Asker: 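Quick one: the structure is below, questions incoming.
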Amino acid sequence: MSSYNPEKIESKWQQYWQSEKTFKTPESRDKPKYYVLDMFPYPSGSGLHVGHPEGYTATDILARYKRMKGFNVLHPIGWDAFGLPAEQYAVKTGTHPRDTTKRNINRFREQLQSLGFSYDWNREINTTDPDYYKWTQWIFLKLYEKGLAYEDDVPVNWCPELGTVLANEEVIDGRSEVGGFPVVKKPMRQWVLKITEYADRLLEGLEDLDWPQSTKDMQRNWIGKSIGAEIDFELAGETDSSAAIKVFTTRPDTIFGATYMVLAPEHDLVDHITTVDQREAVERYREEAAQKSDLERTELSKEKTGVFTGGYAVNPANGEEIPVWVADYVLATYGTGAIMAVPGQDERDWEFAEKFDLPIVRTVQPPEDFEGKAYTKEGKTINSGFLNGLNVEEAKQKIIAWLEEQEAGKKAINYKLRDWLFSRQRYWGEPFPIIHVDGEPKPLDEDQLPVTLPEVEDFEPTEEGDPPLARAEDWVKTTDPETGKPAVRETNTMPQWAGSCWYYLRFMSPEFEEGPVDPKAESYWSPVDMYVGGAEHSVLHLLYARFWHKVLYDCGLVSTSEPFQRLVHQGMILGEMEYTGYKKEGKWVSAGEAEEMDDVERLNLDEDQVEKKEDYFVVRGTDIKIDAKAHKMSKSRGNVVNPDDVIDRYGADSMRLYEMFMGPLEQVKPWSTKDVDGVYRFLNRVWRLMIDEDSGELKDSVTDGDPSREQLKVLHECIRKVTGDIDDLSFNTAISAMMIFVNDANKWESHPKPVLERFVKLLSPFAPHIAEELWQRLGHEESIAYTEWPEFKEEYLISDTQMYPIQVNGKVRGEIHVPREKAGDKEYVLAEAKAVENVAKYLDDGNLVKEIFVPERIVNLVVK
RNA sequence: GCCCGAGUGGCGGAAUUGGUAGACGCGUUGGACUUAAAAUCCAAUUGGUAUCUAAAUACCAGUGCCGGUUCGAGUCCGGCCUCGGGUACCA
C-alpha cells in the first residue's frame, strides 16, 4: 500500500529544503526582485493560532510563484519579541523574559517550519537581540540629532494596573488596550517623538500607495488635518494684547455668531481671567475635571458641564464683549485648548448654550424646512455685517483676509495627530541610548551601542514608582564617557512599536555591521512589494513605520519615501459556527425575547437540532428562533483551533490549502474543520491520479505520449485561471480551478507526463510537499521550487464551436452551437437562433422589434 | 452620530468589463463496490407549478427591502434595513 501519506512526505521535504538551503535568498542582482513580507509575530506563549498561517500561506504562495516566474525573492521572518506578556509572566514567576521569549520563539519557529513556508531562515531576526536593538537605538540617536526626540512633562495616560504609561493609540474607551484596565491622566517626564512634524508628508504619501482604501482612510482620519483659522480674542478691559485668547476654528465665517468662549480646564489663561467672585467655583470645577479619567470625560458624561469665569473677551468681528467659560468639552490637547463658541452652527455649542442660557445667533441661513438646532451645512451668511449674502467658502476667504489685515488672526492648519509618546516604564524593551548629566539628557556616542538591558532580580517598578530598570543601581549610575562626570542612565524603555518600525530593512542585510542596512542591499530590495498582516495595525504600526522610514529617507539611509508599496490585510478567521438556543424555566424562548429576560439558560445546539425557517434559524420542528453565529476565537469561549491538530490529522498541505480555499483572503470567515476534508480528498485524488496505490509506482496510465487536444484545453484553462488568480490574490478560485482539472483528468484513460508535470507546478505554491514528491516521482532530481512556471497558450482554448444562449425579452429560452468560423456572423447566428423551437414559439406570438447580438456572448430577441 | 466594508442555496463561497445566478467544496439523499464498515466512485441537491408514473421537458419566482436605468441588473443609480470593522465632544 502506498497511499497519500502527508506525514511522511512533509517531513521528508522540510528536511530537504533545510539541508539543501533551497530558499536561501539569492545573492545575484541580475533578475527583477520581489520582496514579500509578513508582519512578523509576537511570539506569545500560546503558540500559533489558525489566524497566523492565513497571511503566511498567502505570502508563501506568492513567494514560491514569483521564484518560478524568474524573480529573486526576499521572503523573511522574524520575531517582534519585546512586549508586555513576557514581562508580566516574569513578575508572576520570576522567569527572565529572555528565557520565556527564547522558548516561545523556538516553538513558533517549529510550528512555522511544520507548515512548509519557504522563509529564508538565515535571515531570521529578533528585536530583543542586542545585535538588532543596537540599531534601533542608533536610529533613535538619529531622531534625537534631528530634534525629533525630546523630553517633556506631559499629561500621559497612566495605567496604575500595568504600572506604565500608554500611547493614545493604546487606550481604547478610557481603558488599556492590553488587559482593559482603567487609565488616568497624569503629568510625567516622558520621551516624545515629533511625528507631527511629518503629518503632511504622512498624509500625502498615502496617495500613491496600493493599500486598502479603508486603511488609508483610517490613517487620514487619525492625522486629522483641518484647515481653518487662528483668531485672537482680546480680553475685555485689558490693553495688553499678548494676553488674548487664541482659538482655532474651521469656521471663521461664523465669527459673528460667536456669543461666548470656552477654555479647557487646563488652559493657562484660566487663572488670569477668572474673577474673584468666580474663583472658588472655577477651582472646584478644574479639580473635578482633573480627576476624571478619559472614560468619564467622554463616554459617561453626555451632559455638558462648565463654569463661568466671570471674565469677558472681545469678539474682533463686531467688538461685542462675550463671556468666557471653562468647560471640559473643550480639550486642552487639540488646537489651542480654547474655542469661540458658535451655537448657531455647532451642535456641541448649541447644547451648551441651551443648558446655560447663553445667546444663540444664526449666521448661516438654514433651508426653510430645517427643523434641527445647530445648522452645520452650506447656506448664505446672515447677521454677519460685511459677510452677509456670501456662501460659506466665500465668507471664510473674506473674513480671513479681514482678520489678517486687522492682525487679529490668520489662516491656520491643525492636526488631530499628536506627538508620539515614546517611553514606557517597563523592563522588557529597548533601553534608551541616553544618560543624564547634571540633570540634562545627553545622547551616547554611536560607539557606546548597544546599551544592553541590565540584569535585575525583580521586574516590577520600584517603591518610588520608578521603572524596573532603576533597580539596577550599578547600571544606572555611570559616568559620562566624554567628560568623566557622574551620570545616570535613562530608566525608561522604548515601546514595542520601536523594533517593528524598521525590521523590514534589517531583513535586507541582517548581518551588516556598518549600519542598520547595507545601502547596496537597500537599493536593490526596497520597497517591500507586498506586505500582508492584520487590519488591527492599520494605524499604529503602519503609521509609525512610515514616519521612521521618512526620517531615514531624510537621513539618506533609504532610497524610497515609503516602505510598503502594496498592503493587504488578511481577514480574521472566526471559530466554528455556533447555534445558541435559549430556555427560561425549562421552556424554549426565542432569541430576540431572551435578550430582555433574566435567568435565561443558554444552550449550544448541534447542527441537526436546528433548521432554517425563512430568514431565521429555529429549533427543529418549532418556531423558536435561535442565534446562529460564528464568534471570534478566544480562550474563554473555548473555540480556538490549534493548527498543530489540523496538521496532525490532515497534513500541512491540506492546512494550507484549506486556509486559502475558505474564501477571499481579505474577508472575515468562519472556520469549519469538516470542510478540511474537501481539500484533503482533493490531494488524495491528485495523488491517485499519478500513483498506483498498490505498487506505489507511477500508474501505467502516466505516459510519455503527446497530450490530446482536449487534454491541452483542460490544462491550459487551468494554467490561465491559476496564474490570473494568483496575480489577483484569489487563491480560493485558483484552488477550485485545480479541482476542476483533477476531476476532468481522472476521467482520462491516459495521462501524458507533460500535462501532469505542468499541473504539479501549478499546485506547488499551494501544496509544496506533495508537489515536490510527485515532481520527483515523475522523474526529476531537482526541486520544483525554481522550475519555470507553465506558460498559458490561448490557442488551446479555442474550441470548434461557439455556444450562444438565446434570450427572448431577456429570458433564456434556448441555446445554439455554431461553427467557430460562423461565430461572428450576425446574420447566420440570428437565423439559427430564431430556428430554435422554443424560441420560435415566442416569435410567433408577437412582433420582433429588436435583435441584440453580442459576438461570442449572447443573443437577445425583443418581442412585443 | 460619522467614516469604511458586506448581505447570493442547509453551510463556506463562485459569477474578469452589465450578458445562461449558484462554479468549486462541505453537508444531505440515493446508488455502486464490500459479509459489513471505512475509504473510494457515480448521481441528485434554490424553491415552486404543470405534463398519468419515471426519465425528460416547459413555465413561474428567486442574489437583504422598495423603486429606477437598460434589450438584459447579483453587478449601475436613488432611498431604506440588517450585520461587521473603525472612530467619536478634534472646534
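Since the model is a prediction, treat every value here as computed from it, not as a measurement. In what follows, chains carry the letters A, B, and so on, assigned in the order in which the sequence lines appear, proteins first and then strands, with residues in each chain numbered from 1.
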Asker: May I ask you to evaluate whether A:Arg813 reaches the phosphate of B:G72, defined as a side-chain N or O under 4.0 Å from OP1 or OP2?
Answerer: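 Indeed not, no polar side-chain atom of A:Arg813 lies that close.
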Asker: Check this one for me: any side-chain N or O of A:Arg681 less than 4.0 Å away from OP1 or OP2 of B:C26?
Answerer: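 Answer yes for this pair, as a side-chain N or O of A:Arg681 is under 4.0 Å from OP1 or OP2.
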Asker: Output the rounded distance in Å from CG (A:Asp677) to P (B:U28).
Answerer: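 Answer to the nearest Å: 11 Å.
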Asker: Kindly say if A:Arg857 contacts the phosphate of B:U16, meaning a side-chain N or O under 4.0 Å from OP1 or OP2.
Answerer: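 No, A:Arg857 has no side-chain N/O under 4.0 Å of OP1/OP2 on B:U16.
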Asker: Which of these nucleotides, B:G12, B:A91, B:A15, is closest to any side-chain atom of A:Lys669?
Answerer: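 The listed nucleotide nearest to A:Lys669's side chain is B:G12.
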Asker: For A:Thr250 and for A:Leu861, find the nucleotide of RNA chain B with the closest heavy atom, then tell me which residue's nucleotide is more 5'.
Answerer: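 The residue whose closest nucleotide sits nearer the 5' end is A:Leu861.
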Asker: If I take atom OH in residue A:Tyr334 and atom C1' in nucleotide B:U87, what distance separates them, rounded to the nearest angstrom?
Answerer: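 Nearest whole value for this atom pair: 15 Å.
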Asker: Counting heavy atoms from C-beta on, name the nucleotide in B:C89, B:G19, B:A61 closest to the side chain of A:Val854.
Answerer: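 When the side chain of A:Val854 is considered, B:G19 is the closest of B:C89, B:G19, B:A61.
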Asker: By the 4.0 Å heavy-atom rule, please label A:Lys629 as base, sugar-phosphate, or nothing.
Answerer: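 Here A:Lys629 touches the backbone only, sparing every base.
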Asker: Is there a Watson-Crick or G-U wobble partner for B:A43 with both distances under 3.5 Å, and if so, which one is it?
Answerer: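 B:U29 - that is the nucleotide pairing with B:A43, both distances being under 3.5 Å.
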Asker: By the 4.0 Å heavy-atom rule, please label A:Ile740 as base, sugar-phosphate, or nothing.
Answerer: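 It contacts sugar-phosphate atoms only.
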Asker: What contact category does A:Pro664 fall into here, base, sugar-phosphate, or nothing, at under 4.0 angstrom with non-hydrogen atoms?
Answerer: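 It contacts sugar-phosphate atoms only.
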Asker: Between A:Asp844 and A:Lys841, is there a salt bridge with N-O shorter than 4.0 Å?
Answerer: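 No.
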Asker: Going by atom types only, do A:Tyr680 and A:Asp653 share a side-chain donor-acceptor pair under 3.5 Å?
Answerer: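 Not at all, the side chains of A:Tyr680 and A:Asp653 share no donor-acceptor pair under 3.5 Å.
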Asker: Nearest to the A:Met739 side chain among B:C24, B:A91, B:G10, which nucleotide is it?
Answerer: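 Closest of the options to the side chain of A:Met739: B:C24.
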Asker: Determine the Euclidean distance between corresponding P atoms of B:U75 and B:G9; express it in Å to zero decimal places.
Answerer: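 The same atom, P, in both gives a distance of 15 Å.
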Asker: Apply the test salt bridge (charged side-chain N to carboxylate O under 4.0 Å, His left out) to residues A:Arg220 and A:Asp217: give CA-CA distance (whole Å), side-chain angles for both, the deciding distance (0.1 Å), then the verdict.
Answerer: CA-CA 5 Å; A:Arg220 287 197 186 102; A:Asp217 286 345; 3.6 Å; yes
Asker: Are A:Asp725 and A:Thr733 close enough that a side-chain donor and a side-chain acceptor fall under 3.5 Å?
Answerer: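 A:Asp725 vs A:Thr733: donor-acceptor pair found between side chains.
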Asker: Please determine whether any donor N or O and acceptor N or O are separated by less than 3.5 Å between the side chain of A:Gln807 and the base of B:G19.
Answerer: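 Yes, the side chain and the base share a sub-3.5 Å donor-acceptor pair.
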Asker: Return the value, rounded to whole Å, for the distance between atom CZ of A:Arg620 and atom C1' of B:G10.
Answerer: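 Answer to the nearest Å: 9 Å.
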Asker: Which base, if any, makes a Watson-Crick or G-U wobble pair with B:U63, both distances under 3.5 Å?
Answerer: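 Its partner is none (no Watson-Crick or G-U wobble pair with both distances under 3.5 Å).
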Asker: Look through every strand shown and name the nucleotide pairing with B:C76 as Watson-Crick or G-U wobble, where both distances are under 3.5 Å.
Answerer: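 Base-paired to B:G68.
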Asker: Quick check for you: among B:G72, B:C11, B:C24, whose closest atom lies nearest to any side-chain atom of A:Lys612?
Answerer: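 Nearest to the side-chain atoms of A:Lys612, counting from C-beta on, is B:C11.
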Asker: Between B:C24, B:A58, B:G12, which nucleotide has the shortest distance from any of its atoms to the side chain of A:Lys841?
Answerer: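 Within the option list, the nearest is B:A58.
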Asker: For the residue pair A:Lys377 and A:Val392, what are the closest heavy atoms and their distance?
Answerer: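 Heavy atoms only, the tightest pair is O-CG2, 4.3 Å.
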Asker: Could you state the CG-C1' distance from A:Leu830 to B:C71, rounded to the nearest angstrom?
Answerer: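 So the two atoms are 13 Å apart, to the nearest Å.
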Asker: Please lay out, stage by stage, how A:Asp232 and A:Lys246 fare under the test salt bridge (charged side-chain N to carboxylate O under 4.0 Å, His left out).
Answerer: CA-CA 4 Å; A:Asp232 294 323; A:Lys246 193 183 278 297; 3.2 Å; yes
Asker: Hey, are A:Asn809 and A:Tyr842 close enough side-chain-wise for a donor-acceptor pair under 3.5 Å?
Answerer: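 On atom types as modelled, these side chains do not qualify, holding no pair under 3.5 Å.
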Asker: Would you indicate what A:Asn732 reaches in the nucleic acid, counting non-hydrogen atoms under 4.0 angstrom: base, sugar-phosphate, or nothing?
Answerer: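 Since only primed, P, OP1 and OP2 atoms lie under 4.0 Å of A:Asn732, the category is sugar-phosphate.
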Asker: If you only use heavy atoms from C-beta on, which nucleotide in B:G25, B:G86, B:G19 is closest to the side chain of A:Met218?
Answerer: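 Output: B:G86.
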Asker: Quick check: closest heavy atoms across A:Met572 and A:Lys632, and the distance to 0.1 Å?
Answerer: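 Of all heavy-atom pairs spanning A:Met572 and A:Lys632, the closest is SD-CG, 3.4 Å.
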Asker: Establish, with yes or no, whether the OP1 or OP2 oxygen of B:G86 is under 4.0 angstrom from a side-chain nitrogen or oxygen of A:Ser538.
Answerer: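 For B:G86, OP1/OP2 do not have a side-chain N/O of A:Ser538 under 4.0 Å.
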Asker: Rounded to whole angstrom units, what separation is found between the CD atom of A:Glu347 and the P atom of B:C89?
Answerer: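 Checked: the CD to P distance equals 14 Å.
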Asker: Under a 3.5 Å cut-off for both contacts, is B:A50 paired Watson-Crick or G-U wobble with anything, and if yes, with which nucleotide?
Answerer: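 B:A50 is paired, partner B:U57.
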Asker: So A:Ser214, base contact, sugar-phosphate only, or nothing? Heavy-atom distance under 4.0 Å.
Answerer: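 Sugar-phosphate, no base atom in range.
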Asker: Applying the Watson-Crick and G-U wobble criteria at under 3.5 Å, what pairs with B:U87? Answer none if nothing qualifies.
Answerer: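 For B:U87, the partner nucleotide comes out as B:G1, under the 3.5 Å rule.
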Asker: How far does the C1' atom of B:U57 sit from the matching atom of B:C52, given to the nearest Å?
Answerer: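 15 Å, rounded to whole Å.
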Asker: With nearest nucleotides of RNA chain B determined for A:Val676 and A:Asp349 from heavy-atom distances, which residue corresponds to the more 5′ nucleotide?
Answerer: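 Nearest-nucleotide comparison on RNA chain B picks A:Val676.
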Asker: Give one of base, sugar-phosphate or nothing for A:Thr215, where a contact means two heavy atoms less than 4.0 Å apart.
Answerer: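 Contact class for A:Thr215: none.
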Asker: Provide the distance between the two P atoms, one in B:A55 and one in B:A37, to the nearest whole Å.
Answerer: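 Rounded to whole Å, the distance is 26 Å.
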Asker: For B:C41, does OP1 or OP2 lie under 4.0 Å from any side-chain N or O of A:Arg688?
Answerer: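 For B:C41, OP1 or OP2 has a side-chain N or O of A:Arg688 closer than 4.0 Å.
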Asker: Would you mind reading off the distance between A:Lys721 atom NZ and B:C24 atom C1', rounded to a whole angstrom?
Answerer: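 Rounded to the whole Å, the gap is 10 Å.
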Asker: Please state how far atom CD in A:Glu351 lies from atom P in B:G1, giving the value in whole angstrom units.
Answerer: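 From A:Glu351 CD to B:G1 P: 15 Å.
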Asker: Taking only N and O in the side chain of A:Gln667, is any of them less than 4.0 Å away from OP1 or OP2 of B:G13?
Answerer: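 Looking at the OP1 and OP2 atoms of B:G13, one of them is under 4.0 Å from a side-chain N or O of A:Gln667.
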Asker: State whether a side-chain donor-acceptor pair under 3.5 Å links A:Thr376 with A:Glu347.
Answerer: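 A:Thr376 vs A:Glu347: no donor-acceptor pair found between side chains.
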Asker: Under 4.0 Å from OP1 or OP2 of B:C71: is there any side-chain N or O of A:Lys850 that close?
Answerer: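 Result: yes.
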Asker: Any non-hydrogen side-chain atom of A:Trp350 less than 4.5 Å from a side-chain atom of A:Lys355?
Answerer: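 Sidechains of A:Lys355 and A:Trp350: no contact.
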Asker: Would you measure the distance from the C1' atom in B:A15 across to the matching atom in B:C24 and give it in whole Å?
Answerer: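 Looking at atom C1' only, B:A15 and B:C24 are 12 Å apart.
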Asker: Give the rounded distance in Å between these two atoms: OH of A:Tyr842 and C1' of B:C60.
Answerer: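 Those two atoms, OH and C1', are 10 Å apart.
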Asker: Taking only the side-chain heavy atoms of A:Ile858 (C-beta and beyond), determine which of B:G19, B:G12, B:C24 contains the nearest atom.
Answerer: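 That would be B:G19.
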Asker: So what does A:Thr733 hit on the nucleic acid, given a heavy-atom distance under 4.0 Å: a base, only sugar-phosphate, or nothing?
Answerer: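 It contacts sugar-phosphate atoms only.
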Asker: If we take the P atom in both B:C65 and B:C11, what is their distance in whole Å?
Answerer: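 Roughly 15 Å separates the two P atoms.
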Asker: Syn or anti for B:G9? Use the chi torsion, O4'-C1'-N9-C4 for purines and O4'-C1'-N1-C2 for pyrimidines, with syn inside 90° of 0.
Answerer: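 Syn conformation for B:G9.
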Asker: Taking only side-chain N and O atoms of A:Asn743, does any of them lie within less than 4.0 angstrom of OP1 or OP2 on B:G25?
Answerer: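 Answer is yes, contact under 4.0 Å.
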Asker: Using the P atoms only, state how far B:A73 lies from B:C77, rounded to an integer number of Å.
Answerer: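 Approximately 15 Å lies between the P atom of B:C77 and that of B:A73.
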Asker: A:Ile852 side chain: which of B:C71, B:A91, B:C3 is closest?
Answerer: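 For A:Ile852, the side-chain atoms sit closest to B:C71.
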Asker: Would you state whether a donor and an acceptor, one from the side chain of A:Asp675 and one from the base of B:C26, lie under 3.5 Å apart?
Answerer: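 It does not, because no donor-acceptor pair links the side chain of A:Asp675 to the base of B:C26 below 3.5 Å.
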Asker: Which of the following nucleotides, B:A58, B:A91, B:G25, is nearest to the side chain of A:Asn838?
Answerer: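 Nearest nucleotide to the side chain: B:A58.
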Asker: When you compare B:G5 with B:G10, how far apart are their C1' atoms, in angstrom units rounded to a whole number?
Answerer: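 My reading of the C1' atoms in B:G5 and B:G10 gives 26 Å.
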Asker: When the P atoms of B:A56 and B:G62 are compared, how many Å lie between them, rounded to an integer?
Answerer: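 So the two P atoms sit 26 Å from each other.
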